[in-house]
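Below is one structure; the comments refer to it alone.
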Amino acid sequence: MKIYDGKYILIGLLVFVGVITFPIWFNLGKAAPPPEPKLDTPVIMQMAQKQCVLPREEMRTGHMQILNDWRTQVVRNGKRMYVAADGKTYEMSLQNECMRCHSNKTQFCDQCHTYAGLKLDSTPYCWTCHVPPKETK
Amino acid sequence: MGIRFSLAAVVALVLAVFLGIKAAGLTYFFGVCVPYAAILAFVGGVVYKVLKWRRSPVPFRIATTAGQQKSLPWIKQDRLENPVTKKEVVGRMLLEVFLFRSLFRNTKFQMDQGPKLYYQWEKWLWLAGLLFHYAFFIILVRHLRFFTNSLPFFVEPLERLDGFLQVGLPGVYITDALFIVAVTYLFIRRIVIPQMRYMSLPADYFPLLLLLTIGVTGIMTRYFTKVDLLKVKQLAMSLVTFNPIVPEGIGVIFFIHLFLVSILLAYFPFSKLMHAGGVFLSPTRNQPNDSRIVRHINPWNYPVKVHTYAEYEDHFREKMVEAGLPVEKELPAEATTPQAGKE
Ligand code: HEM
């Protein structure tokens, strides 16, 4: 069966298939292993009961929403203390609270964010103003 | 009728995944089998469609496109609307593909005050169409972050630009809003304008509703009913490296999103959505108007047996001369003129 303008059709279809299969040839068949954010900071090691502001599952998916709420509370409403569901109080602060426990930003936050395709310093863009904890490599 | 049918179809699809995941736990089926089948149907279907289309020859140029065709030297040719060379055709095609040039010409026409006709600009369809397609495209490119180990260089600037409002966390993407607004407009347009409603079929409503639901579930996934993105990425990566695994505990909303996308992909080549490939093959867009410059031969002409006048005369010359009929070539024997025998 004759294909008219076969040359152009072939080029077009090759481009189409090439673009669609981009993820396949871009990764060359290797999938990076999912990250394991490290929880071995000095502060966390000393905790008797290792727990975050919210249960772990909720933190995994909802930590940006907490940060958003905290930011609004502090910057707009002037409230600085947060009472968690279990009665514990936290200072609503990115630098002074989250990063006090998670002082290993590159081993913790960045691990996930790089894997999820958020660029290190730009998204979350928070670190253009807030100061990340000093880490000894 | 068409609306209700399409709506029912989309609701049924959503329910099917919901029950499939929640009641039957078919995560492998909906996470691996369906997406693979869908992408196969999509690629195979598009290739099949294009090849099938191009088995029909389109031998003759469509000369009457909107623009002055090449003519006498002192008449200005509209080179992009009525191209003659390959370069000009490519220019016209680029305008069509990237800016929807033809749709921009859209006019609305109305009868007012008796038999008076009014034509007016109607650019909303063009605008909504363009916004929808670009938003869709950017969303697709941004989704590459789920399918690549390291972010391809063009995705990061796009993420940043798209999220530059920096409203809320996760930050609002402009394209998300544009996508929903544009699709909603395109849908409402079909319902509100009586003529549009009259000529709309389920095949018109269904893709719009499907896209709308995909957009809504995506937005829900990102901003409201969160799922664990790391697991989603693990699933996506396992799919593109052909080593499928479905991590435990991905929210059902993601499966709804993924299933509707799969349906869209599988539906694409066999529906009007195939205009994406078709635009490149449209005769009014891809043919140079060179009817008067190049001879186009119809490829399905079969060889016709012809009997030319010269042959006819050869056959009957003697009889014609006898009967006193004029002939172009005299009889050879008593030929008197020196030109005889020459044609
Ligand atoms: C036709 C194709 C698709 C369309 C139109 C679409 C649309 C959307 C939209 C509008 C969003 C909102 C957030 C954003 O814009 O990033 C979204 C989010 C999302 N989509 Fe899709 N999507 C498509 C395909 C897929 C596929 C194939 C996957 C499978 C991995 C997927 C997984 C997700 C996930 C996990 C989110 C949440 C993102 C987040 O939380 O940041 N989508 N989608």
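In what follows, every chain begins at residue 1, and chains take the letters A, B, ... in the order their sequences are listed. When reading the values below, keep in mind they use all heavy atoms of this one structure, side chains included, and skip hydrogens, waters and symmetry mates. These numbers were taken from a predicted model, which means no experiment stands behind them.
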Looking at B:Val43, B:Leu281, B:Leu229, B:Asp228, which has the largest count of heavy-atom pairs under 4.5 Å with chain A? B:Asp228
Check whether A:Ile9 gets within reach of chain B through its side chain, its backbone, both or neither, counting any heavy atom under 4.5 Å. side chain
Is the cationic atom of B:Arg285 (NZ for Lys, CZ for Arg) positioned less than 6.0 Å from the six-membered ring centroid of B:Phe280 and within 45 degrees of its normal? no
Any B:Leu264 side-chain heavy atom under 4.5 Å of B:Leu273 side chain: yes
Is there side-chain contact between A:Phe108 and A:Thr41, with heavy atoms separated by less than 4.5 Å? no
State the CZ-CG distance between B:Arg142 and B:Asp162, to the nearest 0.5 angstrom. 4.5 Å
Say you draw a straight line from OG1 of B:Thr225 to CD1 of B:Ile253; how long is it, rounded to the nearest 0.5 Å? 4.5 Å
Sort B:Val58 into side chain, backbone, both or neither according to what part of it lies under 4.5 angstrom from a heavy atom of chain A. neither
Heavy-atom pairs under 4.5 Å with chain B: which of A:Gly6, A:Gly62, A:Pro23 has the most? A:Pro23
I'd like to verify something: which residue of A:Ala32, A:Pro33, A:Cys112 has the highest number of heavy-atom pairs under 4.5 Å with chain B? A:Ala32
Note: vs chain B, highest number of non-hydrogen pairs under 4.5 angstrom among A:Thr21, A:Asp5, A:Leu67 is A:Asp5
B:Phe146 ring center within less than 6.0 Å of B:His143 ring center: yes
Given the options B:Asn149, B:Val240, B:Thr241, which has more heavy-atom pairs under 4.5 Å with chain A than any of the others? B:Asn149
Contact part of B:Pro152 toward chain A, heavy-atom cut-off under 4.5 Å: side chain, backbone, both or neither? both
Whatever's closer than 4.5 Å to a heavy atom in chain A on B:Ser56 counts as backbone
Where does A:Pro35 contact chain B at under 4.5 Å (heavy atoms): side chain, backbone, both or neither? side chain
Check whether more than 12 heavy atoms from other residues, nucleotides or ligands sit under 6.0 Å from atom NZ of A:Lys50, and answer yes or no. yes
In terms of heavy-atom pairs under 4.5 Å with chain B, which of A:Thr72, A:Val17, A:Leu13, A:Leu28 leads? A:Leu13
Looking at B:Phe255 versus B:Phe30, is the centre-to-centre ring distance below 6.0 Å? no
With a 4.5 angstrom heavy-atom cut-off, could you sort out which part of B:Leu51 is near chain A: side chain, backbone, both or neither? both
Would you mind listing every ring pair (Phe, Tyr, Trp, His ring centres under 6.0 Å) that reaches into residues 68-95 of chain A, with sequence neighbours excluded? A:Trp70-A:Tyr82
Heavy-atom distance under 4.5 Å to chain B: side chain of A:Phe26, backbone, both or neither? side chain
